[in-house]
Structures are given as C-alpha cells and as structure tokens.
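For reference, the structure is listed below as structure tokens.
When a ligand or atom number is given, it counts from 1 through the structure's own listing order. Everything quoted here is computed from the prediction, not taken from an experiment.
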Amino acid sequence: MLFAFGKLPIIDSLDLSDFPFKKVIFGITCANFLFERYVAYRQYKLLKSENKKVPKALEGHVDEEKFAKSDAYGLAKSKFEMVTSFTSLVVDLATLTMFSSIWNYSVSIGNCILSTIMRKPFVMSLNANNIAFFILSQTISTFLNLPVSYYQHFVLEEEFGFNKMTKSLFFMDSIKTLLLVNAIGSIPLYILGLVLKKCTENFVFYIWMFMIGLQITLFFLNDLVIQPLFYTFTPLNNKELEDKINALAKECGFPLSEIYMIDGSKRSSHSNAYFSGLPFMKKKIVIFDTLIKDSSIDEVVAVLGHEIGHWKMNHISQMLIISQVHLTTFLMLFDMVFKNAKMFADFNFIIDPLSKVPTASLPGSNYALVNDFPFLVGLLIFSQLVQPTNLLMNFGMNLFSRHNEYQADNYAAKLGKGEDLKKALIQLQITNLSTISVDKLFSMYHYSHPVLCERLEAIDIYTSEHEKKSG
Ligand SMILES: [Zn+2]
C-alpha cells in the first residue's frame, strides 16, 4: 500500500524551476472570480426576471406573497455578494502580495512578546515563525471580515427577520472564533512542521497518518468543547417526540445514544437537525428548537428518518473516503513544489540556508529572508495554485451529495414517511426562505441538495413505488 504514497512519477519529472508561479496564481484567482461572477449573474438575472410563477409542485403550499418574499431574499443576498466578492478578491490579492511583509511583522511581534515573557532575548525557530504568521494573518482577516459579517447579520438578515443575534453576542462569537481558530490551529500546524522537517522521505504518508489522527481529535473537540461553547444542549423534553424517535431508531437499527435540543434560535431562525458520532459508535441526535417549534412531531420524525437514511447507506463513510483520496492527491502534488525556491522567490521569500537566524529581522521590508522553506507559506501559495481542481471537485462533490440526498429521501419514503417529509421540507423552505427560483448552473455549483421541487417530485415517485411493492 505504501507505494501509493510515493511521488507521482510523471509529475516528478517536470521541471518547475522557471515556472511563473505568481503570474499563474494571479491569473487563476482572477479567472476563478470571473467564473463565479458569471454563475452569480445568471442567478441574479433569473431572480430579477418578471412573470415567474409558483412551481407546480409547490402550488397550494406556497402562496404568491411567500414566493415573492423568498425571491426578494435571494436577490438581496445576490446583490450583497456582488460587492463582497469584489472586495474579497482585492483583499486576497493584496494579502498574497504582502505575505512576506506579514511574515516579517509576525516574526518581530512574536520574538518581542516571547522575549518579554522570558525576560531575555528570544529568537523563534522557523517552525514557531510559521505559527506566528498563522496567528497574525488569521487576526488580520478576522478584522477585515468583521464589517462584512456585521452587515450580513444586522442589515441583510435583519431585514428579512432572520437575525436573532444581539450585537454583544456577535462580537463575543467573533472573538471566541478567532481565539479557537488560533488555539486549535496552532498546535497541529506546529506538529505538521516538525513532521515535515523530520520525515522528508515519504512525508505524504506521515502527514496523511497525522491528518487522520487530527480529524478524529477535532471531531471529539467539536462535540465536547466547540459546539457547547456556542450552543446550549438540553435533553429533549417532549415525551411523545422522544418515544417516536426511539421507535424509529429501533426500527432502523440506528445506534442512538441521546437526543438533544439546541438553542439555534438564539442566533438565527434557520432550522435544522443532525446526528453525530464516529463510525461503529453510538450516535446522538441534535434537533434545533426552531425545527420543533415550526413542524409537527411526525414531520420532525420524518426529517430524522431522512438523516438515518444517510447513516444506513454509509454516506458519511463514503464522503470520508473521498476526502482522504482528495487529501492524499493534494499532498502528493504539494510534494513537488514544497522545496521550489522559485515559488517562494515569486512571493519575495528568499531562502538562504547559510543565514544564522531562522528569519532575518526586517520589519517593514517587503522581502523576507529565511534559512529554510516556510511550509505554511508554501501550503497557502500552493492552495491558490490548485483552485481549478477545487472547482471541479466542487461540482463532483455536489453531484455526489445530491445523489445521496435522493437516496436518503427514498429511505424515509420506504419507512412510510414520504408525505410528512414533504411537509417538513416545504416548511423548512418557508422558514429558511430558501430561494425557490434557481438557475441550473448556479445550483450545480453551489447546492449540495437538490432544489425543493425536484425533491418533492422524487418523493412522490418513491412513495408510489414502495406502495406498489408492498401491494
Ligand atoms: Zn440529507
């Protein structure tokens, strides 16, 4: 099996010592931006067009007023995105150009803080420099994003009645997120740096092993620490609903451990339900209080029937396998540029192995002088380079995910819950004000779920098929 983690032979013979990394990356970023704008424009044009009618499958469920409101929400989001996408393109390109400056500042700030704490001159290792760079760039991007995020919550979402957040909660959430990202991100990044330094041979395999360990750790952290920091989990206090969920779990052989309700309504009135738990372990079901408030008991049970369908058909494990293959391919490709001096030089990083300090002290300079390859910078530049493959991956994953949604709907229909699921889906669409009119390319690119009408029609077909079979 180990051979699979070796270098890709064809790619290994490529000579990239003259490759114009910066020009290609800027070109790719702009092309990506134009493509996304084209997709968004198609959707915008559709939402703007007049003479739209409530789709057949929704007649009797959604009136003209709700239909118009959902399209108005879609249109407002679309206009908002037009402005933010352009500003984020400018910020992205500016950040890329300033990587070396940010690096220099992060190193001097880091050295200064650590020297003060230790009460003696302190110089960070190159690996610690990576972490300082990570923390500073995360902090900058959080502050740059704050106005956009504020507008989104307190103007856009507020206008359509979704925002339930207070301003203090918003700022607390932003600070908590920043601290968590820095705390949780720094440790694995530091270990990753050590692995890369120690295991230059076969590093793809070692990093892959490390990433699996990391994913499992993050899963537990998310369940035990992160989610409870943002939401309050309370045991379900509805006996009838609890009994019906237990009966459903028993019928499907679902290893249910606990059922929780979370206060999703504290932040937003969007509804949801999900289950969590590693493969082969007991799982807990989490339901948003908004879903319980807006739907009947049978409808909530039907939604869970759909969720259990995902479990029954191993959709989560399949997604996990795909993401592992994706990760391995990404690492194999990264392997070929990781020590490419030209790539770093294009972004003003000069590698001088003879330098006595990991990073020369050059605050304010647009050139960073380092004594080895800074892997995090390399990883970030490389991620920009593979944007086209991510785009294709996005289409592929959405296609796969939509296939899975149909299968889970079919499973719920087989349990005899097709009609309730339809009602719940319509209710979810209304409360979430999901856009009803959706352009084909837009939904292929952005939607991991089929649009509502497609799902309702499919559930009708599944239900009649199951009825025929059971005679
Ligand atoms: Zn689903």
Report the C-alpha separation of H306 and Y411 in whole Å, then their side-chain angles, then the decisive distance to 0.1 Å, and conclude whether the ring-ring contact (aromatic ring centres under 6.0 Å, His included) test is met. CA-CA 7 Å; H306 166 98; Y411 185 77; 9.6 Å; no
Check: F395 ring centre within less than 6.0 Å of Y445 ring centre: yes
Looking only at N, O or S atoms in E405, which is nearest to the Zn ion (ligand 1)? OE1
If you check every N/O/S atom of H310, which is the one nearest the Zn ion (ligand 1)? NE2
Distance from S295 atom OG to I426 atom CD1, nearest 0.5 Å? 11.5 Å
Got a sec: is H306 within less than 2.8 Å of the Zn ion (ligand 1) via an N/O/S atom? yes
Measuring only between side-chain heavy atoms, which start at C-beta, is E465 closer than 4.5 Å to K469? no
